[in-house]
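Scroll down for the structure; my scribbles are underneath it.
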There are 4 protein chains.
Amino acid sequence: MTLADQPTPVPDGAPGQPAKRGRRADAERNRAAIMEAAGAVFAEHGGTVDVREIARRSGVGMGTLYRHFPTKDDLLLTVLEKQFGSWLADAHQQATATEDPWQALSGFFEQMLTTQAGNRAVVESYTTRGGPTASCAQRCYAFIDELRTRCMDAGLLRPDVTTDDLVLLSGSLSQAVLTTADSRPGQWRRLLRISLDGLSSRNTEPLPEPAPSTEPEPEPSTSPGRSTS
Amino acid sequence: MTLADQPTPVPDGAPGQPAKRGRRADAERNRAAIMEAAGAVFAEHGGTVDVREIARRSGVGMGTLYRHFPTKDDLLLTVLEKQFGSWLADAHQQATATEDPWQALSGFFEQMLTTQAGNRAVVESYTTRGGPTASCAQRCYAFIDELRTRCMDAGLLRPDVTTDDLVLLSGSLSQAVLTTADSRPGQWRRLLRISLDGLSSRNTEPLPEPAPSTEPEPEPSTSPGRSTS
Amino acid sequence: MTLADQPTPVPDGAPGQPAKRGRRADAERNRAAIMEAAGAVFAEHGGTVDVREIARRSGVGMGTLYRHFPTKDDLLLTVLEKQFGSWLADAHQQATATEDPWQALSGFFEQMLTTQAGNRAVVESYTTRGGPTASCAQRCYAFIDELRTRCMDAGLLRPDVTTDDLVLLSGSLSQAVLTTADSRPGQWRRLLRISLDGLSSRNTEPLPEPAPSTEPEPEPSTSPGRSTS
Amino acid sequence: MTLADQPTPVPDGAPGQPAKRGRRADAERNRAAIMEAAGAVFAEHGGTVDVREIARRSGVGMGTLYRHFPTKDDLLLTVLEKQFGSWLADAHQQATATEDPWQALSGFFEQMLTTQAGNRAVVESYTTRGGPTASCAQRCYAFIDELRTRCMDAGLLRPDVTTDDLVLLSGSLSQAVLTTADSRPGQWRRLLRISLDGLSSRNTEPLPEPAPSTEPEPEPSTSPGRSTS
DNA sequence: GATGAATGAGGTTTCATTCAT
DNA sequence: TATGAATGAAACCTCATTCAT
């Protein structure tokens, strides 16, 4: 509800609203072109690509690029934020429209992995910054927390699963998507199913304690059959 | 004996054979120092670190480094292969010593994630090369296949879980380890438990078909309670 | 009349005369705004400032700026010329009103250094172009020559002081003003006094020969007391 | 005595001392070549020249240049410091060898302006940094202070002349040298003589108060004849 | 064989000037 | 005509690799 706001401050494409200043039309088109090109290029090659590639692909000069984004990193962050934001909006809407809490949760993963996770830059960001952006992380956390609560209230989710667990899982699966994108696309869906099954309330064994900043008791695991007793 | 530090598992020097030329001792010591330093540096900073950092840390000059490894990438691959290989040997030994097939499998994951996955270069390699090396991938695949078979034969593993699934899972969890290494170390163990629970034969729902190079039917998932009927 | 854009101190618009074409008024206002802003910005930061800073400060777009001044250097020269010119007019007027020739001379320096020399662009111009402009240099030379003649005729000035000497002195002191503008403003007045004292006819020792394009005899100087004998 | 130490920490050209490590010979030669080229280029064009020009002139690649000096500014500062330092050493030695205090003072100016002041970078540094370097400024100040004291003790210098005055004068005259370097080289000597005459104890009129951070009383000056009464 | 200085292509960023709106 | 976005040629700096000592 309250979350998943517009990723960009000014939608600018609001119908019936003529562009206030005629000059901005081109600029906005260029900015969009840059962001699109950057999105694609970053997604494909990660955050280390030559900025020139982006300039070339978007059909603008270097100066234009740097007029819109004062820094390469700025561009990257903006792109990530936008992609993430628009994805989050979709995901939220879709989740809201889904009545079954479990379907909402699994649909969320499904959509996220389909949409975002082939994106090299996004996956990189998980390891280099802990997610695209602080804001992204926050919003995403809130959203996932909502999904978790719904499932928990319905008794579908393993009781001690935390939101952090789900967030971490999403990042983890993103990597899987990237890994198999070329060779075996779609294989990640099997991993997703496995994980979801592991999350279900059928599993009663408690999860190991997180123990922040400390190595938790390394008691590894036991044969699954034991959990029934 | 004391010389000839196997970079590759192949022993390379027949025992009892004294070093023919006095220089070899130094060279071998240097090579070892480089590999150790490179291992640490790559693990910490990933594959993009300045080669000089490695030279500095190993106490040799750039020329020496490049005499042993014609290319930065060569060094990286060799290091990954060695680290991976020695880890694999340990893992294999440990798994062989474990009678309970499920324990063997979970112990494998536990050890792998503990040993390898804090390693930035390794995790990077999953996304950039599909694993450290072809040889690594092969050996690892064979090993995991062995573990899978044992579990399968014992009826502990979900019947349609493939070795590819387990390989992918290991890479996926590696990412999770890296992500939370600083902020919440050990949280990955919770994910591991969840995944293992999802892998257990208690889950009877079939996994989605891989369908290579094609989008498999996107039927996402349903509430977990349904699977019993 | 109203057209014809004087770069020189001539006021430019006869009063009571309506602008023939409406646009010209705006254009003239813009030009003035640009020159004022440029004057301030160049004075503060020197000739290397970003042109945009000037455009911003003057409230006009880049296009307008470049319509009025085809080149950054053009703008700089025009500004320098104007500032210099208006200062020169003041100085001339003031000097004319001063009866005491020596007071006229010292007042000239005083006013120049107060008005112009905090100006980074002006001082820079001395070293990069030998003064703001050829025209400036000419007019300034003529003016100083006049002052020199008056002092000389009154027997107040050292007999072999040339106009070039005085011109050079003014540039030299300008640098002093700039150097101490922040740390010790006003210190230059001490230097000025010293220089003026050195210029007075009390000093009878002849000055070294200029010897154009040649190293004059390097006979350095002797203790001042000796000069009487 | 205590001042005017070696500008570079290691003279390196000390006779009879073989270079400790053979490798350094080339490097040192390159470093010297770079500093020489940079000295010339900076002197001629100021601190804004393209670094490539220096690389080209010194016959080394960009990397070499940046190996020795991590930053363009670093190079500039080092060059200035060295030039200044070696000049200062000479100047000090020469001054010490001169018995007549006034000759020592005027010789100092003479030498400084001959040696340093055709140097664009040095003069620039007066306005942008208040001198080449903090260390330079300090040492120079101490040196000039010594000269001033000697003259003062001999009763040759105007009593209220401060060391700051002399420092400022030197910077001011530097500018004069630069200004006339091409057109009328040597003219600055006339200015120097005038200034020195103005500094002599024959001038009894007190200098205006510095009044730090405040506009001192603007009483400009009067005809020189008045000072006798 | 070892060393680390040298190389120079390539990366990011700036800014005087032009041009579409 | 005014605007300010677009341009792209440098400028500074990095780093994988080579080479003289």
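All of these numbers come straight from a predicted model, not from anything done at the bench.
For D/D50 and D/K72, the salt-bridge test fails: no basic side-chain N is under 4.0 Å from an acidic carboxylate O. The residues D/R129 and D/D73 are annotated as salt-bridged, a charged nitrogen and a carboxylate oxygen being separated by less than 4.0 angstrom.
Summarising the geometry, the separation between CG on A/D50 and P on E/dT12 is reported as 5 Å, rounded to the nearest angstrom. For the pair B/R56 CZ and F/dC15 P, the computed distance is 11 Å after rounding to whole Å. Counting to the nearest Å, the C1' atom of E/dT13 and the CZ atom of C/R52 are 12 Å from each other. In this entry the distance linking OH of A/Y66 with P of F/dA5 reads 18 Å, nearest Å. Counting to the nearest Å, the P atom of E/dT12 and the CZ atom of A/F42 are 9 Å from each other. When rounded to the nearest whole Å, the span between CD1 of C/I34 and P of F/dG4 equals 12 Å. One can place CE of A/M62 at 12 Å from C1' of E/dG10, the figure rounded to the nearest angstrom. F/dC19 atom C1' lies 11 Å from atom CG of D/D26, rounded to whole Å.
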* After noting the C-alpha distance and the side-chain angles of B/M35 and B/I54, does the key distance pass the side chain to side chain contact (heavy atoms under 4.5 Å, CB included) rule? -> CA-CA 9 Å; B/M35 292 214 31; B/I54 296 171; over 6 Å; no
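In terms of position along DNA chain F, the nucleotide closest to C/G61 lies nearer the 5' end than the nucleotide closest to the other residue of the pair C/G61 and A/L65. Residue-to-nucleotide proximity on DNA chain E shows that, of C/K72 and D/G63, the 5′-proximal contact is made by D/G63. Between B/V60 and C/G47, the residue whose closest nucleotide on DNA chain E is further toward the 5' end is B/V60. Between D/T71 and D/R29, the one whose closest nucleotide on DNA chain F sits nearer the 5' end is D/T71.
A donor-acceptor pair under 3.5 Å is formed between the side chain of C/E124 and the backbone N or O of C/G47.
When all heavy atoms of D/G39 and D/Q83 are compared, the closest pair comes out as CA-NE2, 3.4 Å.
Residue C/T64 places at least one side-chain N or O closer than 4.0 Å to OP1 or OP2 of F/dT3. An OP1 or OP2 oxygen of F/dA2 is reached within less than 4.0 angstrom by a side-chain nitrogen or oxygen of C/R67. For the OP1/OP2 pair of F/dA6 and a distance below 4.0 Å, the side-chain nitrogens and oxygens of A/H68 include at least one atom meeting the criterion. OP1 and OP2 of E/dG1 both lie 4.0 Å or more from every side-chain N or O belonging to B/N30.
Pair assignment for E/dA20: F/dT3, on the basis of Watson-Crick or G-U wobble contacts that are both within less than 3.5 Å.
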